[in-house]
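Okay, structure first, notes after.
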Amino acid sequence: MAGPLTLTTPKWIPGEHAPNGPVQEITGVVFTANGQTLAWRRDDVDLFQFHLTIPQGVSTLHAHLDCIVTERVTQKLAAFEWESLLLYPANTPVRDIPIQASVKVPAGWGIGTALSPVSSGSYPVPAPGAVTRFAATNVEQLQDSPIVTGLNFHEFPLAPEITPKHYIDVVSDLPDDSNLRPAVLASLNNLVREADALYGSHHYHVYHFLLTLSDVAGSVGLEHGQSSDNGVGEKGFSDDAHELRDSDLLAHEFTHSWNGKYRRPVGLYQPDFATPQQGALLWVYEGLTQYMGNVLAARAGFETQAQYRDRLAETAANLDYTPGREWRSTEDTAIAASVVRSYTPWMNWRRGQDYYQEGQLLWLDADTLIRKLTQNQKSLSDFVEIFMGKGGNTGPLIVTYDFNELVDDLNAVVPYDWATFLHDRVDKIDPHADMAGIERGGYRLVYKDKPSATQRTMGGVSGGRFGARDCWFSIGLSVGGDGSISDVRWNGPADKPNLAPGEKIMAVNGRIFSAEALHAAIRAAKGNSEPIHLIVQADAFVSMADIDYHDGERYPVLERVEGTPDTLDEITQPLTTPEKAPGEEKEAEN
Ligand SMILES: [Zn+2]
């Protein structure tokens, strides 16, 4: 092996849709061979690459590296993605690079992962000090198989009658939380059965839901082929109200095993982790997953049918009140995915990762259209069964697709001008959201003067929260409980007097700011000509601002259109017989 060698760390991490590999955190890099330290030099252009020269007579190169990890780790648990420590020959397909990994965790901590252990001994809770070795695999699969580990560890088998096997591995900061309550386990069993019935195939040898419950480790949902890395707050699954906030998380990430991992847009799959990913079809990768994930969440019982509709109303209204759609197509949010990531001021004018929710409405539109065109003989389920089931059951595998294949598979369900259907909704500028699916589903989006039951429930779990979107559809403000303005709707009532994100409302109609004072002012201004008077702090200055708005409070809900079929409720009807935990049946609200 003597001569020049180039090693690399991963740059484009699958599922992240951005070049955010952890190179900045990689430290302590030392190469040794035959007892000697070898010099290395970083590539001048590709900063993820390390160049070194292997001397004559060397058969084994030892590389040491550390990765400084400050996220998803607490005193009691950790979630570990292998890319943090991956270093491998550059310019080589990662699926061709063999690798065998091992791990040592703190004494008493359990391990959850889709990797197979080969070391004997106690697993998934190794003996103190023991090293757990995993079966040999390749770099592509290792990167796709993260680990959660923690002191408070529970592994539950799910829907045991289904092959292959499914598990959820839970770690939590507090002792009780990882022991999931029976209602959550019942919904998880339902989810596995519902996905089995819906997709009709699978593309894994085993599936592990990995879940961290911690207020410190943060929120995450990252898909993998044989597992998913999910993180929610400490009490995220401890009661129905908390669960509602992330009700579609596990169903969404599970769906990705089919849509995103097995079926991958051709531009989003790269045989190495170095070539840029292209996001143009993310409205399928994420958008179809968003749609199916929400449907599965309702079918499995993570939320009721009414809660599904309330959340759909919120999604549709948010998109419809996104002025950025006046200049930017949904496809553009997908193409630019790697630069439109997190919250920033004027988000509504920029647009964010809207391909998730836009895709949800688009695929609902397609689902209800197929049902209508076929007199309910077929649905989007027939499409996903074709699209995600090609090749039957497989182990972990990536099969790419392009736009034309989507059109062909839709036409195989029911002939229609699907290319135009998709282009119209994705590539074109449309100032309004796609409401066709909701309307064909037997509902219409309306605005009421009170939040939906679901919004009230979700609002109640963060301690008298003042919902950030409470005034979005009225005066066009996202406001925190302390009066901080996080966003202003472009060209909305609050934009007229030049309110801006980052400012803080100090007083409303002569009263010190409170959520109640602002709501009372919106109600008081209804139907008369007196504006809402604000005193606003911007940096070191204070100014007055009048909002000339008189339409009262407005919250989105779906209203049933009487005399039409209730297709939305048909869509969220379980395909299998749901399992319910004793005494924990959820009440239908609304
Ligand atoms: Zn996703």
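All residue numbers in this chain count up from 1 along the given sequence.
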Give a yes or no on whether a salt bridge exists between [X] and [Y], defined as a side-chain N under 4.0 angstrom from a carboxylate O.
{"X": "Arg351", "Y": "Asp354", "value": "yes"}
{"X": "Asp144", "Y": "Lys261", "value": "yes"}
{"X": "Lys390", "Y": "Asp409", "value": "yes"}
{"X": "Lys76", "Y": "Asp173", "value": "no"}
{"X": "Asp424", "Y": "Lys428", "value": "yes"}
{"X": "Arg325", "Y": "Asp320", "value": "no"}
{"X": "Asp248", "Y": "Arg311", "value": "yes"}

Parallel, tilted or perpendicular: rings of Trp363 and Phe383 (30°, 60°): parallel

In terms of side-chain heavy atoms, does [X] have a donor or acceptor partner in [Y] at a distance below 3.5 Å?
{"X": "Tyr356", "Y": "Glu358", "value": "no"}
{"X": "Gln49", "Y": "Arg42", "value": "no"}
{"X": "Asp367", "Y": "Tyr291", "value": "yes"}

Ring of Phe387, cation from Arg263 - is the NZ or CZ under 6.0 Å from the centre and inside 45° of the axis? yes

Does the ring center of Trp258 lie less than 6.0 Å from the ring center of Tyr204? yes

Under 6.0 Å between ring centres, would you say that holds for Phe156 and Tyr167? no

Can any side-chain N or O of Asp246 pair as donor or acceptor with the backbone N or O of Leu249 at less than 3.5 Å? no

